[in-house]
Amino acid sequence: MTTTQRRATKRSLPGVGCRVTAVVTVLWAMAPAVLGAQVRMTVPPQSEPVALVGATIHTVTSGVIENGTILLENGLITAIGADVDIPAGTRVVDATGKHIYPGLIDAYSTVGIAEIGAVDVSNDVNELGDFNPNVRADIAVNAESRHIGTTRSAGVLTTLTTPGGGLVSGMSSAMALEGWSWEEMSMQSATALNVNWPNPNRRGFRGFPGFRFGPQEDPPSYEEQVQQLKDFFAEARAYRDAVAAGEEVRSDSRYAAMMPVIDGDLPVVVAADGAAQMNDAITWAQEEDLRIVIRGGRDAIHVADRLVAEDIPVILTSTMSGPGRQYEGYDGAYSMPARLHEAGVRFAIAGGSGSLYSNRLPFEAGVAVAFGLPEEEALKAVTINPAQFLGLDDRVGSLEPGKQATFLITTGTPLDMTSDIEQAYIQGRELDMMDIQKYFFEKYMEKVRQYMRRVIM
């Protein structure tokens, strides 16, 4: 645009020139803050073969390889072992003295869809309504979230980002925590349907006649909520059958999303903590012929025999929580994984859904080790077990040829807070390990250094 054209534009739109100048001035002043908000740089896909040599490789499923080599090509592991031929032209990375582990998996997360708890518009977890099976978490993921960097620095490289709210919340999405957009990060958009099982101990206010929240009606009872859930699945099954029979039906995205669940292609993750909840949920899933995974499992030890007999896995979300009842010991949650392991229950460990706390996942598993769970089982609980429960074990969860090159380079077990995670790879990409916490640490350490130099001088 020429000078004459710019002047003409200002004359034809009174005040625009001043407003544009003001906006540019504000954005320029904000630039350092905006640029510092992300602090990590997204890296391109793997472009050359890479071999990491000399490390102790913890495969999870095939033992430990001392002085091992892992070869990566096109984002996949192509060879792993103590005697691997390295092709010409491969970039060799010396990992002598280091340990290599699979990237950890958080089976219940809101990373990317929840940013600041006190700012509603930055939280995209809960949808309105009780039945939203067509909701997919991945399309709401903010690839620029600060929580992505801090979560990766803790060793968590894959999340099951999960919506909430209602009785049927929607689909968890498996997300690789690297990429410019949600499309690039999404490994599997619909990974599991989430159902929030009603609490039988909360029966609304029907026992208090005449008591209402203003003009609102009494909330539905436990029995009514369970019946609503059964009715919805029956409607979805009828829709599926009508479509299969070639009948003319009105398109409904909610029922269409239920088809792979009803057909058994996707699991149903049922949030339930109490023994009565879990027993009722299991009975319901058997009647509906569904693949069920229990999430929460605070009282799982009390239904362990049934969980084992019917081979139902559990995703524990309260490993680091305190007792919820007066008669419980202080270590009830800490020792729950060890007790379930002894009972033969298959389980994974998740750190709760809060995006602020996904970086605590390795310590959730570490606490279980401190209270009796064998370390190799704790590692499985945050790697291969959640991958198997949710149908991702062909891609992540262990270090094997053919799987994605998603792993950690550490000074020791990632379940111990004294270990350092020095580098991570996601699908063969060597990550930028900076995050907002490291950024602020360096920033304010520089403040201390400058102050000390002034004092000394």
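Along the sequence shown, the residues carry numbers beginning at 1. Computed from a prediction, not measured in an experiment: that's the story for all the values here.
A donor-acceptor pair is defined here as one N or O able to donate and one able to accept, closer than 3.5 Å; such a pair exists between the side chain of Ser122 and the backbone of Ile116. The main-chain N or O of Glu422 is never found under 3.5 Å from a side-chain atom of Asp420 such that the two would form a donor-acceptor pair. In this structure, the side chain of Asp106 does not engage the main chain of Ala350 through any donor-acceptor pair within 3.5 Å. With Ser173 contributing its side chain and Ser189 its backbone, the two residues share a donor-acceptor pair below 3.5 Å. Under the 3.5 Å distance criterion, the side-chain polar atoms of Ser318 are left unmatched by any main-chain donor or acceptor of Ala333. Checking side-chain atoms of Asp273 against main-chain N and O of Gly297 turns up a donor-acceptor pair under 3.5 Å. The backbone N or O of Glu183 lies less than 3.5 Å from no partner atom in the side chain of Ser186, so there is not a single donor-acceptor pair. Between the side chain of Asn134 and the backbone N or O of Ala257, no donor-acceptor pair lies under 3.5 Å. A donor-acceptor pair under 3.5 Å is formed between the side chain of Thr191 and the backbone N or O of Ala174. A donor-acceptor contact shorter than 3.5 Å is absent between the side chain of Glu364 and the backbone of Ile349.
Heavy atoms from other residues, nucleotides or ligands lying under 6.0 Å from CG of Asn74 number 12 at most. No more than 12 heavy-atom neighbours from other residues, nucleotides or ligands sit within 6.0 angstrom of CE on Met417. Annotation: Phe441, atom CZ; neighbour count of heavy atoms from other residues, nucleotides and ligands within 6.0 Å does not exceed 12. Under a cut-off of 6.0 angstrom, the local environment of CG in Asp394 is crowded, with over 12 non-hydrogen atoms contributed by other residues, nucleotides or ligands.
Residues Lys447 and Gln450 have side chains not in contact (no heavy-atom distance under 4.5 Å, counting atoms from C-beta outward). Residues Leu160 and Ser109 are not in side-chain contact: their nearest non-hydrogen atoms beyond the backbone lie 4.5 Å or more apart. The closest side-chain heavy-atom distance from Ile426 to Leu431 is below 4.5 Å. Side-chain contact between Leu157 and Leu177 is absent, with no heavy atoms from C-beta onward closer than 4.5 Å. Using a 4.5 Å cut-off on side-chain heavy atoms (C-beta onward), Ser398 and Thr59 make no contact. Side-chain contact check for Val314 versus Arg346: every heavy-atom pair is 4.5 Å or farther apart. Looking at heavy atoms from C-beta onward, Ile421 lies in side-chain contact with Met433 at the 4.5 angstrom threshold. Looking at Asp280 and Pro200, their side chains never come closer than 4.5 Å, going by heavy atoms from C-beta outward.
When all heavy atoms of Asn196 and Ala271 are compared, the closest pair comes out as OD1-CB, 3.6 Å. Nearest heavy atom pair, residue His302 against residue Ala275, reads CB-CB, 4.4 Å. Summarising the geometry of Leu71 relative to Ala51, their closest heavy-atom pair is CD1-CB, 3.9 Å, with the distance given to 0.1 Å. Residue Ala387 comes nearest to Gly397 through the heavy atom pair CB-CA, 4.2 Å, listed as atom of the first residue, atom of the second, then distance. Smallest separation of non-hydrogen atoms from Leu229 and Leu167: CD1-CB, 4.4 Å. Shortest non-hydrogen contact noted between Val111 and Ser358 is CG2-OG, 3.5 Å.
Between Arg325 and Asp299, at least one side-chain N (NZ, or NE/NH1/NH2) sits under 4.0 Å from a carboxylate O, which counts as a salt bridge. A salt bridge is absent between Arg254 and Glu127: the closest approach of a Lys/Arg side-chain nitrogen to an acidic carboxylate oxygen does not fall below 4.0 angstrom. Electrostatic pairing of Glu446 and Lys443 does not count as a salt bridge here, judged by no charged N lying under 4.0 Å from a carboxylate O.
Atom OH of Tyr334 is separated from atom CZ of Arg339 by 12.5 Å, given to the nearest 0.5 angstrom. To the nearest 0.5 Å, atoms CD (Glu48) and OG1 (Thr90) are separated by 8.5 Å. Leu390 CG to Ile315 CD1: the interatomic distance, rounded to the nearest 0.5 Å, is 5.0 Å. In this structure, NE2 in His99 is found 11.5 Å from CD1 in Ile57, a value given to the nearest 0.5 Å. From Leu361, atom CG reaches atom OG1 of Thr151 across 9.5 Å, with rounding to the nearest 0.5 Å. Between atom CD1 of residue Ile100 and atom CD1 of residue Ile65 there is a gap of 9.5 Å, rounded to the nearest 0.5 Å.
Just one of Ile292, Val269, Val293, Asn385 meets the side-chain contact (heavy atoms from CB on, under 4.5 Å) condition when paired with Pro313; it is Val293. Among the candidates Val125, Asn126, Asn194, Thr110, the single residue satisfying the side-chain contact (heavy atoms from CB on, under 4.5 Å) test with Pro163 is Asn194. Residue Leu373 is tested with His341, Glu342, Met336 for a side-chain contact (heavy atoms from CB on, under 4.5 Å); the sole match is His341.
Inspection of the Gln188 and Arg395 side chains reveals an N or O donor paired with an N or O acceptor under 3.5 Å. For Gln437 and Ser153, the side-chain atoms include no donor-acceptor pair closer than 3.5 Å. Of the N and O atoms on the side chains of Ser47 and Arg91, not one donor lies less than 3.5 Å from an acceptor on the other residue.
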* To do: List the steps, then state whether side-chain contact (heavy atoms from CB on, under 4.5 Å) holds for Thr42 with Arg429.
  => CA-CA 9 Å; Thr42 300; Arg429 301 181 180 200; 4.2 Å; yes
* Walk me through it: do Gln427 and Thr406 pass the test side-chain contact (heavy atoms from CB on, under 4.5 Å)? => CA-CA 5 Å; Gln427 298 170 0; Thr406 297; 4.1 Å; yes
* To do: Dump the intermediate steps for side-chain contact (heavy atoms from CB on, under 4.5 Å) on Leu340 and Leu316, then the final yes or no.
  => CA-CA 10 Å; Leu340 291 180; Leu316 294 172; 3.8 Å; yes
* Yes or no on side-chain contact (heavy atoms from CB on, under 4.5 Å) for Tyr425 and Leu52, after CA distance, side-chain angles and deciding distance? -> CA-CA 11 Å; Tyr425 287 72; Leu52 292 94; 4.2 Å; yes
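The aromatic rings of Tyr330 and Phe371 stand perpendicular to each other, their planes meeting at an angle above 60°, with 30° marking the opposite boundary. Between Trp197 and Trp284, the angle of the ring planes lies from 30° to 60°, which puts this pair in the tilted group.
The aromatic ring centres of Phe389 and Phe347 sit 6.0 Å or more apart.
Annotation: cation-pi geometry satisfied between Arg360 and Tyr357 (NZ/CZ under 6.0 angstrom from ring centroid, within 45° of ring axis).
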